[in-house]
Protein chains: 2
Amino acid sequence: MLNQSAALDLTFQALADPARRAMLERLSTGSASVSELARPFSMSMPAVLQHLAVLENAGLTLSRKSGRVRTCEINPQALNTAQDWLSARRAEWEHRLDRLEAYLNELQNKDQGNG
Amino acid sequence: MLNQSAALDLTFQALADPARRAMLERLSTGSASVSELARPFSMSMPAVLQHLAVLENAGLTLSRKSGRVRTCEINPQALNTAQDWLSARRAEWEHRLDRLEAYLNELQNKDQGNG
DNA sequence: CATATAGTTAAGTATTGACTTATCTATTTC
DNA sequence: GAAATAGATAAGTCAATACTTAACTATATG
């Protein structure tokens with residue numbers, strides 16, 4: 001069990017690499033084998049495996065092996081953590097802007113009363 | 001000018017650190033000086049400045065100096081890049097699930113026809 | 001003007017990250 | 001069952017991160 005902050009660390013860290021994002025983009029269109037995921041990259045297989053380990057460790061993907069083929073897929077709830085955090089920040093920030101706007105309106109009304 | 005992928009690299013990288021997220025959380029409630037942002041942390045001032053530089057370099061924050069005080073704030077459009085990417089992935093992924101569902105329904109209808 | 005305050009720069013260290021090559025293990029397929 | 005295929009593990013390299021302390025520069029304030 002991982003605390004919220006550590007989960008965000010892993011998630012954002014995993015998303016910070018273009019190769020890993022590309023793998024997620026591929027996976028968001030359907031599951032794929034390791035070699036299939038590796039194909040677009042000019043990168044050794046161990047490098048690809050490390051990227052996949054980062055994704056899986058962050059809970060962004062799942063995989064199971066059948067025969068000699070490992071099939072990877074996106075973990076449904078995966079992006080929630082990240083999206084929720086971003087949404088919360090934006091909500092807070094917009095709330096603050098609303099308050100500021102209300103305050104400015106109030107000031108303006110007072111000015112009109114005084115003018 | 002930065003390409004889309006490099007911008008995402010910087011953004012997610014910046015978000016991957018708990019101290020930087022905490023600073024953004026603080027800033028999403030209103031602007032703050034450097035020392036104000038530093039206060040909650042048991043971290044040297046240079047370390048705080050480096051975190052702030054990462055945030056600003058990623059376009060997540062803005063700052064200006066007046067007198068001897070530097071005031072930092074959130075950059076409005078900052079979280080868009082990250083949020084858009086996450087939304088796109090989720091959209092793709094859900095679209096795929098919809099297609100799968102449709103396909104499974106189709107299969108079921110055929111089965112009923114054959115039953 | 002002396003001193004405290006707010007921030008900045010430089011330089012060094014220790015850890016983590018993103019790879020590499022080489023080697024090795026299972027599974028298919030012919 | 002020999003050879004190709006799919007993936008895994010080990011170990012090492014190089015650069016980037018996340019800090020540190022020390023020293024320095026402005027701007028306020030008593």
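To find a chain, count down the sequence lines: A is the first, B the second, and so on, and within it residues start at 1. Scope of the values below: all heavy atoms of this structure, side chains included, with no hydrogens, waters or symmetry mates.
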Taking 4.0 angstrom as the limit, do Glu36(B) and Arg39(B) come out as a salt bridge? no

Let me know the distance between [atom1] of [X] and [atom2] of [N], rounded to the nearest Å.
X: Glu56(B); N: dT8(C); atom1: CD; atom2: C1'; result: 14 Å
X: Phe12(A); N: dG17(C); atom1: CZ; atom2: P; result: 17 Å
X: Leu49(A); N: dT9(D); atom1: CG; atom2: P; result: 9 Å

Tell me whether [Y] is reachable from [X] by hopping between hydrophobic residues (I, L, V, M, F, W, Y) whose side-chain heavy atoms are closer than 4.5 Å.
X: Leu60(A); Y: Val48(A); answer: yes
X: Trp93(A); Y: Leu86(B); answer: yes
X: Val54(A); Y: Trp85(B); answer: no

Taking Leu15(A)'s backbone N and O only, do any of them form a donor-acceptor pair with Arg20(A)'s side chain (distance below 3.5 Å, no angle check)? no

Result of checking Leu49(A), Leu55(A), Thr61(A), Leu27(A) against Leu37(A) for side-chain contact (heavy atoms from CB on, under 4.5 Å): Leu27(A)

For every nucleotide of nucleotides 11-27 of chain D, 5' to 3': is a protein heavy atom under 4.0 Å from its base (B), only from its sugar-phosphate (S), or from neither (-)? -------BBBBB----B

Taking for each residue the nucleotide of DNA chain C with the nearest heavy atom, is it Val69(A) or Val34(B) whose nucleotide lies nearer the 5' end? Val34(B)

